[in-house]
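Have a look at the structure below, then the notes.
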Number of protein chains: 2
Amino acid sequence: MAQPDTMTRILDTAEVLFAERGFAETSLRHITSKAQVNLAAVNYHFGSKKALIQAVFSRYLDPFTGRFHAALDALEARYENRVIPLEVLLENMATTVLAVPAERNSLKVFMRLLGLAYSQAQGHLRRHIQEQYGGVFTRFTELVRRATPDLPDAERFWRLHFMLGTVIFTLSGLDALKDIAEQDYAEQVTVRDLVRRLRPVVVAAMNAPLPDDMSPTQED
Amino acid sequence: MAQPDTMTRILDTAEVLFAERGFAETSLRHITSKAQVNLAAVNYHFGSKKALIQAVFSRYLDPFTGRFHAALDALEARYENRVIPLEVLLENMATTVLAVPAERNSLKVFMRLLGLAYSQAQGHLRRHIQEQYGGVFTRFTELVRRATPDLPDAERFWRLHFMLGTVIFTLSGLDALKDIAEQDYAEQVTVRDLVRRLRPVVVAAMNAPLPDDMSPTQED
DNA sequence: GCGCTCCCAAAACGATTGTTTAAAACACTT
DNA sequence: AAGTGTTTTAAACAATCGTTTTGGGAGCGC
């Protein structure tokens, strides 16, 4: 079995280590030694550590945006000008997210990286992601807007981010949560199992009644 | 105006920098220079950087657990042996969380630190938090269990963590989200406003219908 | 005075970090 | 087979990291 490309070996190793330990906590020496390439290979092929981080993300997000745009195209074609139901939109997004890393069986890594992109400051990363992949998200949220016409714009904005937090937080902290869950409930937890559990929760959250008017923190 | 204690100055500065940049990305030199104390002061007063991190968390979590236990005591006394409704439990938790950092007006920092505790690997931190403050959470979840008797144990466990993700993600990324929200909707966003929006969402999520059976997609 | 404890300050320590250099090895065309 | 451009290698670089050492001074009891 022939060894993969040097760049590929670096990317494969880097994404795993980044997902496990974060960016700053993962040294180039750790990556290169585990990938069995020379230390200088990272700077030679990618230019810098920052560029390597962005390359790791691009390898996930480029196929994702492609597939997601295609999926939304197909949906809009199927529904013509009718409103696409919220459940269908969410289902399609979930399917697309799940499809991307299926090739390398690394959904956990993908989610963990997304979580890191939010939690670790890394200004350059957030900028890179926003500029590169913001378009498909605004397209998605516009479709969600038409699917939930009764929701005020601000309310929908916040609820979408609530749910984004739910998904990213859960799937990115998966290992820690898995440990607790399997320790408490002696139950094997798979990612697909979690996605199944997430669906009704997200739908119910988006369709929740509007909040009451502000009230001083009342007991009772 | 008298300067605060050296230890207090270190803690005040460290918690802000940790929240902004993460643990590994924040050097002791950055902390000590901004706090206007000597570099060696951290190792002298706290012993190590790890211990400083834990001290930052303890300063938030110790008052929190105290108040939360007290609040649950009061609730159990008021409701005697009757079941405490889910809304009341959530409302009490929110109130307690909001009360802790009110003294320093640093809810954002508190939430961001909680998010980091989950996302950054930092094995020692998770262990420390689990061992030190796990008790009050198991007490809370037991009350939630009685408030949601129809929910399977595993389902409730996951939904609680879903909602934890919602809250921590939203409130810890608050600054970035606020910018987007106020830019798109020209609306002033306050923490209390967000908590008001969160309540119906969280309640609806916890009361969502149970998920369907696993669909026959392939496994990992 | 002395001894003792506590706190602070400057400097140095050894280790590790990302990056660069310069030469060797390779692949491929002519 | 020679030459050319690309890739790999080992070594060194400068910077930064957490930590330790050393010594000095402030306060207090005796």
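Note that the structure is a prediction, hence the values are computed from the model and not measured. In what follows, every chain begins at residue 1, and chains take the letters A, B, ... in the order their sequences are listed.
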Atom CG of A/Leu17 to atom P of C/dT17: distance rounded to whole Å?
-> 12 Å

Kindly say if B/Thr6 contacts the phosphate of C/dC8, meaning a side-chain N or O under 4.0 Å from OP1 or OP2.
-> yes

Length of the line joining A/Leu52:CG and C/dG18:C1', which is rounded to integer Å | 12 Å

Calculate the interatomic distance between A/Lys50 atom NZ and C/dT17 atom C1'; express it in whole Å.
-> 15 Å

Is B/Asp12 paired with B/Arg59 through a side-chain N to carboxylate O contact shorter than 4.0 Å?
-> yes

Specify whether A/Phe140 and A/Phe68 have parallel, tilted or perpendicular ring planes, treating 30° as the upper limit for parallel and 60° as the lower limit for perpendicular.
-> tilted

Output the residues of residues 27-41 of chain A in contact with DNA chain C, where contact means a heavy atom of the residue under 4.0 Å from an atom of the strand; sort by number or write none.
-> A/Ser27, A/Leu28, A/Arg29, A/Leu39, A/Ala40

Pairwise distance CG(B/Leu90) to OG1(B/Thr95) - rounded to 0.5 angstrom | 10.5 Å

Verify whether the ring centers belonging to A/Phe169 and B/Phe169 lie closer than 6.0 Å.
-> no

A/Phe18 atom CZ is separated from C/dG18 atom C1', nearest whole Å, by 12 Å

A/Glu131/A/Arg127 ion pair, N-O < 4.0 Å = no

Under-4.0 Å salt bridge between A/Glu142 and A/Arg139 | no

Nearest-Å distance for atom pair CG/P, residues B/Asn43 and C/dC8 | 14 Å

Distance-only, no hydrogens or angles: does the A/Arg9 side chain make a donor-acceptor pair with backbone N or O of A/Ala35 under 3.5 Å?
-> yes

Quick one: B/Phe46 CZ to C/dC7 C1', roughly how many Å, whole number?
-> 14 Å

How are the rings of B/Phe23 and B/Phe57 set to each other: parallel, tilted or perpendicular (split at 30° and 60°)?
-> tilted

Covered region of DNA chain D, 5' end to 3' end, by chain A [heavy atoms, under 4.0 Å] = D/dT6 to D/dA12

